[in-house]
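Worksheet: one structure, shown below.
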Amino acid sequence: MDHRQIVAALSPEDRLALTALSDRQGSIAVAIHFAVLALTAAAIGLGLPGWWALLVPHGVLLIFLFTLLHETVHWTVFRTQWPNRWVGALCGLLIMVPAVWFRYFHLAHHRHTHDPANDPELATPKPVTRRAYLWHVSGLPTWWSQAASLARNAAGRVDYPYLPDKAKPRAVAEARVTLALYAVAIAASVAAGSTLLLWVWVIPALLGQPFLRLYLLAEHGRCPHVANMLENTRTTFTNRVVRWLAWNMPYHAEHHAYPAVPFHKLPEFHHHTQAHLKETVNGYARFNRGYVSALSADAPAAPTK
């Protein structure tokens, strides 16, 4: 069965249960993520003993706000719409991924998943050599691309094929507000002679980005370019901590098969899909070891599918 057949086979009762949104579930999950993030930030900011050891964990918590942003653009974190919008805007601000622009980028990715001609995610090719893999995992190309997109949007050059005309003014305004807030934060830090933002935001984000790159590479990397979401998208079996950190997005084939299912219902939906998943792997370390082993030092690897 492909993803369409699985969804079509669900009873009306199952569909209703699987797509039920919850302000309570969303509020608790958001509160926990930000509470843990605030605790690590406070420990670093106060210079508690061993604070430097928290830079990477804090950075991972910070950069994985991307997965919360991702959920908000689907409007599935909260049943009420406005918290999705504002939590998404905050996450986008913290990780330099403007939420309005990303919503349309990501919806195009869902509409054309792993289609080389139309999926905007594939405009940035996956690494095909070990050297390119290391460069990709460093996160530096990502930061450059995000900064360039932000500047482009702020300049009004929002001619993306996936961005409708009605959304262009909002994308431009969002980019300009984002840049203005960054400028204010930098100016305030310089005026105060403070390095606080450097240690609780900038450096942790740089340290956390490679972990997000390793995680995201598993979602579609080396999957075949076919229409079936249970084949062009990978589900990664991992531990509870990673599932919590990534808002259950390791169930990624399930998410693409039925995007209306909120994060807290994906494990339940997995029971409907598990017998039909084509691309799975036990853990992100195993996926990346396999990915690297298929690469050469300087030349593209031969296709495996």
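Quick caveat, the model's predicted, so the values are computed rather than measured.
Around atom CH2 of W143, more than 12 heavy atoms belonging to other residues, nucleotides or ligands sit under 6.0 Å away. Other residues, nucleotides and ligands contribute more than 12 heavy atoms inside 6.0 Å of the CZ atom of F105. In R176, the CZ atom is crowded: over 12 heavy atoms of neighbouring residues, nucleotides or ligands sit closer than 6.0 Å. The number of heavy-atom neighbours closer than 6.0 Å to NZ of K168, taken from other residues, nucleotides and ligands shown, is above 12.
H106 pairs in a side chain to side chain donor-acceptor pair (under 3.5 Å) with only one of the listed residues (H109, R103, H110), which is H110. A side chain to side chain donor-acceptor pair (under 3.5 Å) with T235 holds for exactly one of E279, H255, E254; it is E254.
In this structure, S138 contributes its side chain and W135 its backbone to a donor-acceptor pair below 3.5 Å. Formation of a donor-acceptor pair under 3.5 Å by the H220 side chain with backbone atoms of N232 is found in this model.
Atom OG1 of T19 and atom CZ of R15 lie 9.0 Å apart (nearest 0.5 Å).
Between H270 and Y251, the ring planes are tilted. Angles from 30° to 60° get that label.
Under the 4.0 Å criterion applied to side-chain N and carboxylate O atoms, R152 and D159 are assigned as salt-bridge partners.
Aromatic ring centres of Y284 and Y215 lie closer together than 6.0 Å.
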